[in-house]
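So the structure is just underneath, and the comments pick up after that.
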Amino acid sequence: MNLFRFLGDLSHLLAIILLLLKIWKSRSCAGISGKSQVLFAVVFTARYLDLFTNYISLYNTCMKVVYIACSFATVWMIYSKFKATYDGNHDTFRVEFLVVPTAILAFLVNHDFTPLEILWTFSIYLESVAILPQLFMVSKTGEAETITSHYLFALGVYRTLYLFNWIWRYHFEGFFDLIAIVAGLVQTVLYCDFFYLYITKVLKGKKLSLPA
């Protein structure tokens with residue numbers, strides 16, 4: 001495993017921990033899109049169904065378990081534990097416009113037409129757009145808490161580092177996965193505007209506010 005993937009995994013884990021701590025410490029899920037978190041739970045479940053059939057390493061297995069457990073813990077806190085604080089009025093993105101097209105695309109464009117491979121491909125496509133309900137919610141409210149901004153930035157860094165991971169693997173291992181690379185590029189592009197606002201405002205101690 002190269003450095004870019006390792007740092008990408010750490011950034012992804014940091015994003016998840018930041019979100020969980022934010023909700024638990026504040027006893028509130030205000031500003032968090034429950035729809036995005038449900039999509040991420042679907043992503044990890046679909047991707048890691050090979051958990052019991054395809055052992056790669058202890059590190060790999062532990063990360064899979066952590067991602068699945070944390071994603072469902074986040075969904076539970078939003079829709080059960082702290083349900084009264086969930087801002088459903090602003091979390092209105094139509095997720096079927098993301099799930100249905102990515103599911104159809106996974107059936108049409110994949111590496112191997114088998115159930116696990118189609119689900120893996122579906123998870124890759126869906127992850128690339130799963131953050132859209134959260135970004136839509138931030139744009140709708142016009143601002144985001146600092147900790148929510150840190151969470152989104154860490155996710156963006158994770159995705160960007162994974163692009164460098166694919167470049168590294170192609171250069172040194174001859175490995176090339178067009179599906180993962182294109183999906184990763186789409187996801188990174190979605191974060192570009194947020195990156196700019198984060199660097200120019202949040203890092204200077206200002207609350208992130210989006211233009212109307």
Side-chain angles (χ1 to χ4, degrees), residues 1-25 32-78 102 106 110-112 114-134 147-148 150-173 175-188 190-191:
M1 178 171 57
N2 62 71
L3 182 62
F4 293 116
R5 178 176 176 179
F6 179 68
L7 292 177
D9 286 346
L10 288 184
S11 182
H12 196 183
L13 189 59
L14 174 63
I16 294 172
I17 291 173
L18 282 172
L19 184 64
L20 286 170
L21 286 177
K22 184 267 182 191
I23 297 174
W24 190 258
K25 282 191 171 184
I32 303 299
S33 169
K35 291 186 176 183
S36 269
Q37 297 310 311
V38 168
L39 291 180
F40 281 125
V42 172
V43 164
F44 296 136
T45 302
R47 183 174 304 171
Y48 300 139
L49 284 175
D50 66 346
L51 187 61
F52 302 105
T53 61
N54 185 25
Y55 179 81
I56 298 175
S57 67
L58 180 61
Y59 170 84
N60 184 271
T61 298
C62 288
M63 293 300 282
K64 288 179 179 180
V65 172
V66 168
Y67 288 150
I68 293 173
C70 288
S71 65
F72 278 96
T74 305
V75 170
W76 171 74
M77 285 195 286
I78 292 173
T102 53
N110 52 68
H111 295 308
D112 188 19
T114 62
L116 283 180
E117 185 64 28
I118 290 173
L119 286 170
W120 179 87
T121 307
F122 168 63
S123 77
I124 294 295
Y125 293 149
L126 185 60
E127 186 186 15
S128 69
V129 294
I131 199 62
L132 279 175
Q134 179 67 64
I147 193 68
T148 305
H150 293 336
Y151 159 71
L152 290 171
F153 185 76
L155 275 183
V157 170
Y158 140 68
R159 196 66 266 176
T160 303
L161 285 168
Y162 253 64
L163 288 180
F164 286 106
N165 164 59
W166 296 124
I167 294 172
W168 175 280
R169 294 192 66 184
Y170 176 73
H171 185 74
F172 291 100
E173 302 173 15
F175 182 84
F176 183 78
D177 189 330
L178 185 61
I179 289 176
I181 291 173
V182 171
L185 281 171
V186 170
Q187 191 172 0
T188 304
L190 291 178
Y191 285 98

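Everything numeric here is computed off the predicted structure, so don't read it as measured data. What's counted below: heavy atoms across the whole structure, side chains too, no hydrogens, waters or symmetry copies.
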For Trp168, what residues pass the ring pair (Phe, Tyr, Trp, His ring centres under 6.0 Å) criterion, not counting sequence neighbours? Phe172

Taken in chain and number order and not counting sequence neighbours, the residues that satisfy ring pair (Phe, Tyr, Trp, His ring centres under 6.0 Å) with Phe6 are none

In Å and rounded to the nearest 0.5 Å, what is the [atom1] to [atom2] distance from [X] to [Y]?
{"X": "Phe153", "Y": "Leu18", "atom1": "CZ", "atom2": "CG", "value": "12.0 Å"}
{"X": "Thr45", "Y": "Tyr67", "atom1": "OG1", "atom2": "OH", "value": "14.5 Å"}
{"X": "Ile23", "Y": "Trp76", "atom1": "CD1", "atom2": "CH2", "value": "11.0 Å"}
{"X": "Ile78", "Y": "Leu19", "atom1": "CD1", "atom2": "CG", "value": "6.5 Å"}
{"X": "Ile179", "Y": "Trp120", "atom1": "CD1", "atom2": "CH2", "value": "6.0 Å"}
{"X": "Thr102", "Y": "Glu127", "atom1": "OG1", "atom2": "CD", "value": "12.0 Å"}

Go through the structure and list residues passing side chain to side chain donor-acceptor pair (under 3.5 Å) with Ser123, not counting sequence neighbours. Arg47

Lys35: what forms a side chain to side chain donor-acceptor pair (under 3.5 Å) with it, not counting sequence neighbours? none

Short N-O contact, Arg169 and Asp177, less than 4.0 angstrom: no

What closest approach, in Å, do [X] and [Y] show between heavy atoms, and which atom pair accounts for it?
{"X": "Ala183", "Y": "Ile124", "result": "CB-CG2, 3.5 Å"}
{"X": "Ala15", "Y": "Ala154", "result": "CB-CB, 3.6 Å"}
{"X": "Ser11", "Y": "Tyr158", "result": "OG-N, 3.4 Å"}
{"X": "Val75", "Y": "Ala41", "result": "CG2-CB, 4.2 Å"}
{"X": "Asp9", "Y": "Tyr59", "result": "OD2-OH, 2.7 Å"}
{"X": "Leu39", "Y": "Leu126", "result": "O-CD2, 4.0 Å"}

Taking side chain as C-beta onward, heavy atoms only, is [X] less than 4.5 Å from [Y]?
{"X": "Gln187", "Y": "Leu155", "value": "no"}
{"X": "Thr74", "Y": "Leu20", "value": "yes"}
{"X": "Ile181", "Y": "Phe176", "value": "yes"}

What's the verdict on side chain to side chain donor-acceptor pair (under 3.5 Å) for Tyr55 and Asn60, showing C-alpha distance, side-chain angles and the deciding distance? CA-CA 8 Å; Tyr55 179 81; Asn60 184 271; over 6 Å; no

With sequence neighbours left out, the residues meeting side-chain contact (heavy atoms from CB on, under 4.5 Å) with Ile68 are Phe44, Tyr48, Phe72

Hits for side-chain contact (heavy atoms from CB on, under 4.5 Å) against Thr188, two or more places apart or cross-chain, chain-then-number order -> Arg159, Thr160, Leu163

Whether [X] side chain and [Y] backbone form a donor-acceptor pair below 3.5 Å:
{"X": "Asn2", "Y": "Arg5", "value": "yes"}
{"X": "Asn165", "Y": "Leu161", "value": "no"}
{"X": "Ser128", "Y": "Tyr125", "value": "yes"}

